[in-house]
Amino acid sequence: MCLQVEIPNLENLNLISMNKIQKIWSDQPPSNFCFQNLIKLVVDDCDNLRYLCSMSVASSLRKLKGLFVSKCKMMEKIFSTEGNSADKVCIGVNK
C-alpha cells in the first residue's frame, strides 16, 4: 500500500518507531515533491529502515538544515545511490 500525503508547508518531521517500513520515500521524487520546505528531519528507532532516501530525493530536500538519525538497527546507509550514480550530496554546517 502506498500512501501519498501532500503537506507543502511542513518544516519539521519526526519519524519515530516506524518499525514496519524499509524506506520512507520512493526512489524518484514526484514532479510536485511535497516536502520542499522541510527544514528538520528526525528519524529515530525505525528498526527495519534500510536507507532514508535516494540521492534524487535528497537533492529535492533543498531547505533541509538538520538531519538526525538514531537507533535504526538495519540502516545500511542514509542515501541510496541508483546504480553507479555519481551524484553528490552537499552537507552544510552552520556554526
Side-chain angles (χ1 to χ4, degrees):
M1 179 177 165
C2 180
L3 177 65
Q4 292 186 347
V5 178
E6 191 167 323
I7 311 170
N9 295 323
L10 184 69
E11 293 182 351
N12 297 304
L13 179 60
N14 294 330
L15 301 172
I16 299 170
S17 297
M18 297 182 67
N19 293 321
K20 299 204 184 244
I21 62 170
Q22 292 184 357
K23 63 181 176 179
I24 295 172
W25 286 289
S26 65
D27 292 338
Q28 296 294 322
S31 59
N32 58 344
F33 190 63
C34 54
F35 293 96
Q36 68 269 16
N37 290 317
L38 196 63
I39 294 171
K40 180 181 175 187
L41 175 60
V42 175
V43 181
D44 182 35
D45 194 29
C46 296
D47 287 343
N48 288 321
L49 193 63
R50 296 204 178 273
Y51 63 90
L52 185 62
C53 62
S54 67
M55 296 295 278
S56 56
V57 170
S59 65
S60 298
L61 298 170
R62 298 184 191 272
K63 293 187 179 181
L64 191 68
K65 294 187 187 289
L67 172 60
F68 306 92
V69 179
S70 64
K71 294 186 274 181
C72 297
K73 296 175 185 175
M74 298 298 291
M75 186 168 282
E76 298 167 3
K77 52 189 168 181
I78 295 190
F79 303 114
S80 170
T81 54
E82 298 89 19
N84 291 327
S85 174
D87 290 341
K88 296 179 182 176
V89 173
C90 295
I91 300 173
V93 177
N94 293 332
K95 294 183 178 184

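The first residue of the sequence shown is numbered 1, and numbering continues consecutively from there.
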Q: Do you know the tightest heavy-atom contact between C46 and S17?
A: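 Smallest interatomic distance, heavy atoms only, reads SG-N, 4.1 Å.
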Q: Within this structure, what is the CZ-CG distance for the pair F35 and L41, rounded to the nearest 0.5 Å?
A: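 F35 atom CZ to L41 atom CG measures 9.0 Å (nearest 0.5 Å).
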Q: Mind checking the OG-CZ spacing from S56 to F79? Nearest 0.5 Å is all I need.
A: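 Answer for the OG-CZ pair, S56 versus F79, is 11.5 Å.
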Q: Quick check for you: to the nearest 0.5 Å, what is the distance between D45 atom CG and K71 atom NZ?
A: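 If I round to the nearest 0.5 Å, the distance is 5.5 Å.
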Q: Where do F68 and V43 land on the side chain to side chain contact (heavy atoms under 4.5 Å, CB included) test, with the steps shown first?
A: CA-CA 6 Å; F68 306 92; V43 181; over 6 Å; no
Q: Are any side-chain N or O atoms of D47 and backbone N or O atoms of N19, one a donor and one an acceptor, separated by less than 3.5 Å?
A: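 Judged by distance alone, no pair lies under 3.5 Å.
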Q: Work out which heavy atom in K40 is nearest to a heavy atom in L64; give both atom names and the distance.
A: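 Smallest heavy-atom distance, with atoms named: N-CD1, 3.9 Å.
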Q: With clusters defined by side-chain heavy atoms of hydrophobic residues (ILVMFWY) lying less than 4.5 Å apart, directly or transitively, does Y51 cluster with I24?
A: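 In one cluster: no.
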Q: Would you say L67 and I16 are hydrophobically clustered, going by side-chain heavy atoms of ILVMFWY under 4.5 Å?
A: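 As far as the 4.5 Å side-chain criterion goes, I16 and L67 are not connected within one cluster.
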Q: Is there a path of hydrophobic side-chain contacts, each under 4.5 Å between heavy atoms, that joins L52 and M18?
A: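 Shared cluster, yes.
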Q: Measure the CD-CG distance between Q22 and N48 for me, rounded to the nearest 0.5 Å.
A: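 Taking CD in Q22 and CG in N48, the distance rounds to 6.0 Å.
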Q: Would L38 and L10 count as a side chain to side chain contact (heavy atoms under 4.5 Å, CB included) if you check the C-alpha gap in whole Å, the side-chain angles of each, and the deciding distance to 0.1 Å?
A: CA-CA 6 Å; L38 196 63; L10 184 69; 4.2 Å; yes
Q: From D44 CG over to C72 SG, what is the distance, rounded to the nearest 0.5 angstrom?
A: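 Taking CG in D44 and SG in C72, the distance rounds to 6.5 Å.
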Q: Hey, what do you get for CD (Q36) to CG (N9), rounding to the nearest 0.5 Å?
A: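 Going from the CD atom of Q36 to the CG atom of N9 covers 8.0 Å.
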Q: Could you check whether N37 and K63, counting side-chain N and O atoms only, form a donor-acceptor pair closer than 3.5 Å?
A: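 N37 and K63 do have a side-chain donor-acceptor pair below 3.5 Å.
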Q: In the single-linkage hydrophobic clustering (I, L, V, M, F, W, Y; side-chain heavy atoms under 4.5 Å), do L15 and I21 co-cluster?
A: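 Yes, because L15 and I21 connect within a single hydrophobic cluster, where side-chain heavy atoms sit under 4.5 Å apart.
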